[in-house]
Trainee: 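Questions regarding the structure given below will be posed in turn.
Numbers restart at 1 for each chain; the letters A, B, ... are given by sequence-line order, proteins then strands. The shown structure was predicted, so the numbers you read here are calculated from the model rather than taken from an experiment.
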Amino acid sequence: MISQLSWKIGGQQGEGVESTDRIFSTALNRLGYYLYGYRHFSSRIKGGHTNNKIRISTKPIRAISDDLDILVAFDQESIDLNAHELHTNGVIVADAKFNPVVPEGATARLFAVPITAIAEELGTSLMKNMVASGASWALLGLPLEVFNKAVEEEFGRKGAAVVEKNIEAVRRGAEFVLEQAGGPLEQFRLEPADGKQKLFMIGNDAMALGSLAAGCRIMSAYPITPASEIMEYLIKKLPKFGGTVVQTEDEIAAATMAIGANYAGVRTMTASAGPGLSLMMEAIGLAGMTETPLVIVDTQRGGPSTGLPTKQEQSDVNAMIYGTHGEIPKIIISPSSIEECFYDMIEAFNLSEQYQCPVIVLTDLQLSLGKQSCEMLDYNRIVIDRGKLASDVPPLETHAQFKRYELTEDGVSPRVIPGEKGGLHHVTGVEHDEIGRPSESSINRKKMMDKRLSKLNSLSITNAIHVDAPHEEPELLIVGMGSTGGTIDEARVRLEEAGIKTNHITVRQIYPFPTELFEPYADRASQIVVVENNATGQLADQIKLNVGCAAKVRNMLKYDGTPFLPSEIYSRSKELV
Amino acid sequence: MATFKEFRNNVKPNWCPGCGDFSIQAAIQRAAANVGLEPEQLAVISGIGCSGRISGYVNAYGFHGIHGRALPIAQGVKLANRDLTVIASGGDGDGFAIGMGHTVHAIRRNVNMTYIVMDNQIYGLTKGQTSPRSAVGFKTKSTPEGSVETTLAPLEIALAAGATFVAQSFSSDLKQLTSLIEQGINHEGFSLINVFSPCVTFNKINTYDWFKENIVNLATVEGYDPTNRVMAMTKLMETNGMITGLIYQDTSRRSYENLVPGFSQESLAHHDLTLSEDDFNGLLKEFK
């Protein structure tokens, strides 16, 4: 029995790869397995090779596997492009229609299943994904009833006849392959899962759900890959809570509308990727200057410019830290797991109101779009803290104004929601005094700059860094952010086996950099390796700038559009020692 | 009930003496009082430029935003709290150059708010450059030989974009302007009011006298029907946009807030943010 395996389905975009993957993984999730998905797709609607890979495990996993056990192929291209990943006793389940061949050098066992033929026999070639997934499910020897239940849910809306036909397609696929194979394959027999109820979702879903739980009632956004799922989720749910998603004319409007709504008292967010964030920079400055709460999600993708819209990268770190002209307080947090995608949105909304400043939640494409198991989310961890929100303020004298920018010890002034009689005030992106009126006075300017920038002096975020430091003096301190954490951990297991001692830090609070927390671990390590999906080592630069251990910092970079594999981190770390 | 004086504050505008913007400020204050508002029920959101300062000169909630972005900010305010009366305001550069994209889409979206453009056909605060509203041949610091670009016709664009309320006025006609702002506030949906507001310092062509000579008040046009969109478009084209009064109004279309499915009829800003445990568990179902 094995504890984990990898399954991949490949075909032309629009051919049913997505839905096959969805049903296959839903069924596995029901059985309690831990899943981690990876989508290879292009910026087009139909056509072009696409594939989805899922790793199935009895233990929590947060990384793509180096190799592959089962490849389901709708065309020869899918075999040619992916067969190299198959290990020696891997299996290909392919449509007999295109006379599949195993490429030279590969040793995988091929099952040519009449996928299209069976589907057409049952009425429509559209069902070929059901035949294919039934066949691959059968090879694993897992209970068919669970799979059929997932099929039923997928097609339930279309009526009993459709469900029945699809279940029949699954059965025929399974039957055919089992006859060829002589029963389920022993090498793929998975240990039973823990049966614990888990959720199965993408990071964008988790962030959208987190926003809803945080009390977000308006989202203003412009569609972009890989952020759009957040608005698509919220437009389905927000109306039930009286709110809405406004699809704006551009990201400038998205961010400034969110500022207007936050100013008027509603928790409002926007989400985008690099190109949209570039357009939002003036709004981020306005939120900083007017001390208006604002939550922005940046789902990083390949840049610069349009770059690689559907590929993995973590190259917006500098832009997020340094973007917008002038100097404002700003918080950047970066979730590194699916669970954090949820909880971090609640925290982001709280921080943005407590510190009255923009909060950027920085993810990357793999974390945003990779479908994975998520531990059951805890309702009791949803805590809403709106910071200094004044209500029932006393009436004002004639011509007096509410001191929206009152100088206080911690720099944060009480905020009032427009509509209150005693709260009349003016806000402006122009330098202003305590009641928000424009002022060019040097004394006032310095006071107000100090007030705004001092707000973050008291910032203390729980879990600003995640530390796994079993060694007092490790040879390597491996540092990462976002989706790379699980991959680093797998590489570390192998490094330990090779006798190399490593500690691991995932930086969650990207800005302001949590120097004091980080420093002790940096001091104790012989070398610090910073793993990041960009070409210039942006996180490494922050460590050099803030921690002062430049001589020890090494870059481990990958910017070809694909996420790190455990084997890559393992071999490149080994070279360093 | 508040009088127009209660919408005044003690801030002295930094506009030049004689600037057309003064009467727009007065008209907003009068209209707000006339429709029965209290200062805390009004939010004035403005852009950048001489005109952008208006949000600081009305005793109400004021938000002085960034250049060209008054409209998205204002729509955000209105969606968050539909109990507020929201007026966005800015100049012709703000609304028809840098913010033109937002203007067209705000018109399409039709959020219930009023947008007042202080149209002086020039960039004043930056000391005299051409604007999209400047006439062809208009000489400015940025067009020393005269502008060669076509003058923008914002009200024709507004009609084409599906505007439900289009009006135009002139700073000298405080009575008409006040009345149009009142009608704009009372209109359900997005009301656009373009106001000829002469720049006495940098625009020596489009002066008070020039406007007085060239504009036609629609009240004097026999048979003009502001509910007729074709007539409105024709009139604007015939007169090169030199008309004042209510040009077009469509009362049949509901505002965005009333059309968006599920959108709260009460101010969202006063909603309880807590998600019930039942709702939360219901939301998790699709991920199981």
Trainee: Look at atom NE2 of A:His399 and say whether more than 12 heavy atoms of other residues, nucleotides or ligands are closer to it than 6.0 Å.
Mentor: yes

Trainee: Could you tell me whether the side chains of A:His426 and B:Ser55 share a donor-acceptor contact shorter than 3.5 Å?
Mentor: yes

Trainee: Which atoms of A:Lys237 are under 4.5 Å from chain B, going by heavy atoms: the side chain, the backbone, both sets, or neither?
Mentor: side chain

Trainee: Do B:Leu275 and A:Phe241 come close enough that some side-chain heavy atom pair is under 4.5 Å?
Mentor: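 When only atoms from C-beta onward are counted, A:Phe241 and B:Leu275 do touch, with a gap below 4.5 Å.
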
Trainee: Under 4.5 Å from any heavy atom of chain A, what part of B:Pro261 do you find: side chain, backbone, both or neither?
Mentor: backbone

Trainee: In terms of heavy-atom proximity below 4.5 Å to chain A, should B:Leu84 be classed as side chain, backbone, both, or neither?
Mentor: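 Only the side chain of B:Leu84 comes within 4.5 Å of chain A.
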
Trainee: Tell me, for A:Lys198 versus chain B, whether the close heavy atoms (under 4.5 Å) come from the side chain, the backbone, both or neither.
Mentor: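 Answer is backbone: N, CA, C or O of A:Lys198 sit under 4.5 Å from chain B.
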
Trainee: With a 4.5 angstrom heavy-atom cut-off, is it the side chain or the backbone of A:Arg30 that approaches chain B, or both, or neither?
Mentor: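 For A:Arg30, the side chain is the part near chain B, not the backbone.
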
Trainee: So which residue, B:Asn81, B:Leu71, B:Leu284, ends up with the most heavy-atom pairs under 4.5 Å with chain A?
Mentor: B:Leu284

Trainee: Side chain from CB out, backbone as N, CA, C, O: work out which of these in B:Glu277 comes under 4.5 Å of a heavy atom of chain A, or both, or neither.
Mentor: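 Both backbone and side chain.
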
Trainee: For A:Tyr263, is it the side chain, the backbone, both or neither that has a heavy atom under 4.5 Å from a heavy atom of chain B?
Mentor: side chain

Trainee: Is any side-chain N of the basic residue among A:Glu282 and B:Arg69 closer than 4.0 Å to the acidic one's carboxylate O?
Mentor: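 So A:Glu282 pairs with B:Arg69 through a salt bridge.
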
Trainee: Would you call B:Lys288 and A:Glu153 a salt bridge, using N to O less than 4.0 angstrom?
Mentor: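 Answer for the salt bridge query: no.
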
Trainee: With side-chain contact (heavy atoms from CB on, under 4.5 Å) as the criterion, how do B:Phe63 and A:Ile259 come out once you've worked through the C-alpha distance, each side chain's angles and the decisive distance to 0.1 Å?
Mentor: CA-CA 11 Å; B:Phe63 195 125; A:Ile259 289 173; 3.8 Å; yes

Trainee: Under 4.5 Å from any heavy atom of chain B, what part of A:Gln197 do you find: side chain, backbone, both or neither?
Mentor: side chain

Trainee: Given a strict heavy-atom distance threshold of 4.5 Å, which part of A:Val416 is in contact with chain B: side chain, backbone, both, or neither?
Mentor: side chain

Trainee: Identify which of A:His425, A:Arg217, A:His432, A:Lys240 forms the greatest number of heavy-atom pairs closer than 4.5 Å to chain B.
Mentor: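 Of the candidates given, the most pairs with chain B belong to A:His425.
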
Trainee: For A:Thr290, is it the side chain, the backbone, both or neither that has a heavy atom under 4.5 Å from a heavy atom of chain B?
Mentor: side chain

Trainee: With only heavy atoms counted, which part of A:Met376 is less than 4.5 Å from chain B, the side chain, the backbone, both or neither?
Mentor: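 The side chain, not the backbone.
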
Trainee: Taking side chain as everything from C-beta outward and backbone as N, CA, C, O, which of these in A:Leu286 sits under 4.5 Å from a heavy atom of chain B? Side chain, backbone, both or neither.
Mentor: side chain

Trainee: Anything under 30° is parallel, anything over 60° is perpendicular, the rest tilted; go ahead and classify B:Phe280 against A:Phe342.
Mentor: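 Rings of B:Phe280 and A:Phe342: tilted, 30 to 60°.
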
Trainee: Taking the side chain from A:Arg267 and the backbone from B:Leu273, do they hold a donor-acceptor pair closer than 3.5 Å?
Mentor: no

Trainee: By a 4.5 Å heavy-atom criterion (distance strictly below it), what part of A:Thr26 contacts chain B: side chain, backbone, both, or neither?
Mentor: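 It is the side chain, since no backbone atom gets that close.
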
Trainee: Mind ranking A:Ile417, A:Val266, A:Leu377 by heavy-atom pairs under 4.5 Å with chain B and telling me who comes out on top?
Mentor: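 Ranked by heavy-atom pairs under 4.5 Å with chain B, first place is A:Val266.
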
Trainee: Which residue out of A:Ser220, A:Ala258, A:Gly242, A:Ala264 racks up the most heavy-atom pairs below 4.5 Å with chain B?
Mentor: A:Gly242

Trainee: Relative to chain B, which of A:Pro438, A:Gly429, A:Pro418 shows the most heavy atom pairs under 4.5 Å?
Mentor: A:Pro418

Trainee: Looking at chain A, which one of B:Glu286, B:Arg8, B:His67 has the largest number of heavy-atom pairs inside 4.5 Å, strictly under?
Mentor: B:Glu286

Trainee: Can you tell which part of A:Asp250 gets under 4.5 Å to a heavy atom of chain B, answering side chain, backbone, both or neither?
Mentor: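 For A:Asp250, side-chain heavy atoms alone lie under 4.5 Å from chain B.
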
Trainee: Given that the side chain runs from C-beta out, which part of A:Leu238 has a heavy atom under 4.5 Å from chain B: side chain, backbone, both or neither?
Mentor: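 Nothing of A:Leu238, per the 4.5 Å heavy-atom cut-off to chain B.
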
Trainee: Of all the heavy-atom pairs spanning A:Ala261 and B:Ala80, show the shortest one and how long it is.
Mentor: O-CB, 3.5 Å

Trainee: Would you mind telling me which of B:Val104, B:Ile66, B:Asp279, B:Ile48 has the largest number of heavy-atom pairs within less than 4.5 Å of chain A?
Mentor: B:Ile66

Trainee: Go through B:Ile73, B:Asn9, B:Val260, B:Leu42 and name the one with the most non-hydrogen pairs under 4.5 angstrom from chain A.
Mentor: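 Maximum pair count with chain A is reached by B:Ile73.
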
Trainee: Could you look at A:Leu424 and say if it's the side chain, the backbone, both or neither that has a heavy atom under 4.5 Å from chain B?
Mentor: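 Looking at A:Leu424, backbone and side chain both touch chain B.
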
Trainee: Mind ranking A:Ile384, A:Ile382, A:Ile252 by heavy-atom pairs under 4.5 Å with chain B and telling me who comes out on top?
Mentor: A:Ile252

Trainee: Chain B heavy atoms under 4.5 Å from A:Phe402: which part of the residue, side chain, backbone, both or neither?
Mentor: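 Contact with chain B: none, neither part.
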
Trainee: Who in residues 89-102 of chain B is close to chain A, using a strict under-4.5 Å heavy-atom cut-off?
Mentor: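 Listed by number: B:Gly101, B:His102.
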
Trainee: Counting heavy-atom pairs closer than 4.5 Å to chain A, which one of B:Arg108, B:Glu38, B:Arg109 comes out on top?
Mentor: B:Arg109

Trainee: Hey, does the side chain of A:Tyr379 reach the backbone of B:Asp278 with a donor-acceptor pair shorter than 3.5 angstrom?
Mentor: no

Trainee: For the interface with chain A, which of B:Leu268, B:Val44, B:Val11, B:Ile45 has the highest count of heavy-atom pairs at distances below 4.5 Å?
Mentor: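 It is B:Leu268.
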
